[in-house]
Amino acid sequence: MSGPLDRSFFARDPVVVAPELLGCIVTANGVSVRLTEVEAYREDDPASHSFRGPTKRTAVMFGPAGFLYVYFTYGMHYCANLVCGEDGAGAAVLLRAGEVVEGEALARARRGERVPDRDLARGPARLAQAMGWDRSDDGRDMVGAVRAGAPTASVAGPRTGIMKAADTAWRFAIPGDRFVSPYKRHPKAPGAG
DNA sequence: TCTAAGATGACCT
DNA sequence: GGTCATCTTAGAC
């Protein structure tokens, strides 16, 4: 299968959408990446920004599916999500890693000349930077910018970089792909020590 | 108004 | 494999 995904694809449970996004091609600002790793977030998930209900920042997450939710974290990084679920569900899929398949020169210009190919979009903040995304892209309609790629296998695993619900297996990756980010548990997560 | 925590990445050893 | 940089957001008072 191939061709752009329509809004109904995203308007489902993010836990269902996430694994199906693996291998899909996302295009924005002159760069295309093939998704290798994603993570599902829902309103009933303590680790989700939408857990406490809508706020000014998370307003996009509570809107219709297929839009881009970009937020700023750790004082220096952007992360990008695709809003999923029904309108008002407060659900999204975090784009964690991917392989740049188009516009590599542009991605490298944004990321730095000395960055190796495999690190161009391996990581949520790296991917957002390679795509040229920042908060001005928050709320952007991504329907038409995501197209299905070759079907791929997926593996679910524990989530990284967060404390709450760190063992919820809502992180999906393409097994064995070199563009998947390394597993790294949050330093303060229970069981980390 | 103040405080604590955070869906991370770069660099050094 | 470990340490540090850096600032926004949200919640408490």
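In what follows, every chain begins at residue 1, and chains take the letters A, B, ... in the order their sequences are listed. As the structure is a computational prediction, the values presented were derived from the model and not from experiment.
- Judged by atom type and distance alone, A/Y71 reaches the base of B/dA7 through a side-chain donor-acceptor pair under 3.5 Å.
- Using a 4.0 Å cut-off, some side-chain N or O of A/H49 falls inside it from OP1 or OP2 of B/dA7.
- Both A/R57 and A/M76 lie near DNA chain C, and the one whose nearest nucleotide falls closer to the 5' end is A/M76.
- In this structure, NZ of A/K164 is placed 6 Å from P of B/dG6, rounded to the nearest angstrom.
- In this structure, A/R135 reaches the C/dT9 phosphate: one of its side-chain N or O atoms is under 4.0 Å from OP1 or OP2.
- No side-chain donor-acceptor contact under 3.5 Å links A/S48 to the backbone of A/Y41.
- Summarising the geometry, the separation between CZ on A/R126 and C1' on B/dT8 is reported as 9 Å, rounded to the nearest angstrom.
- We find that CG of A/L120 is positioned 15 Å from C1' of B/dA10, with the value rounded to whole Å.
- B/dG9 has no base stacking with the ring of A/Y74 when judged by centroids under 5.5 angstrom apart and an interplanar angle below 30°.
- In this structure, A/E37 atom CD and B/dA7 atom C1' are separated by 11 Å, rounded to whole Å.
- Here the nucleotide nearest the side chain of A/A125, chosen from B/dG9, B/dA7, C/dC7, is B/dG9.
- Using the Watson-Crick or G-U wobble rule with both distances under 3.5 Å, C/dT8 pairs with B/dA5.
- For the pair A/D119 CG and B/dC11 C1', the interatomic distance rounds to 13 Å; values are reported in whole Å.
- Of the side-chain N and O atoms in A/R52, none sit less than 4.0 angstrom from OP1 or OP2 of C/dT9.
- Atom pair A/E39:CD and B/dG6:P shows a separation of 15 Å (rounding to whole Å applied).
- Closest to the side chain of A/F72, out of B/dT8, B/dA10, C/dT8, is C/dT8.
- When rounded to the nearest whole Å, the span between CD1 of A/I162 and C1' of B/dT8 equals 13 Å.
- Ring centers of A/Y69 and A/Y71: under 6.0 Å apart, within the cut-off.
- OP1 or OP2 of B/dA10 has at least one side-chain nitrogen or oxygen of A/R111 nearer than 4.0 Å.
- A/R12 forms no cation-pi arrangement with A/F10, by the criterion of a distance under 6.0 Å to the ring centre and an angle within 45° of the ring axis.
- Note: OH (A/Y78) to C1' (B/dG9) measures 15 Å, nearest angstrom.
- Looking only at distances, a side-chain donor or acceptor of A/S50 sits under 3.5 Å from a matching main-chain atom of A/G90.
- Remark: A/T55 is in phosphate contact with C/dA10, judged by side-chain N or O atoms under 4.0 Å from OP1 or OP2.
- The side chain to side chain donor-acceptor pair (under 3.5 Å) test with A/S181 singles out one residue from A/R126, A/R122, A/E37, and that residue is A/E37.
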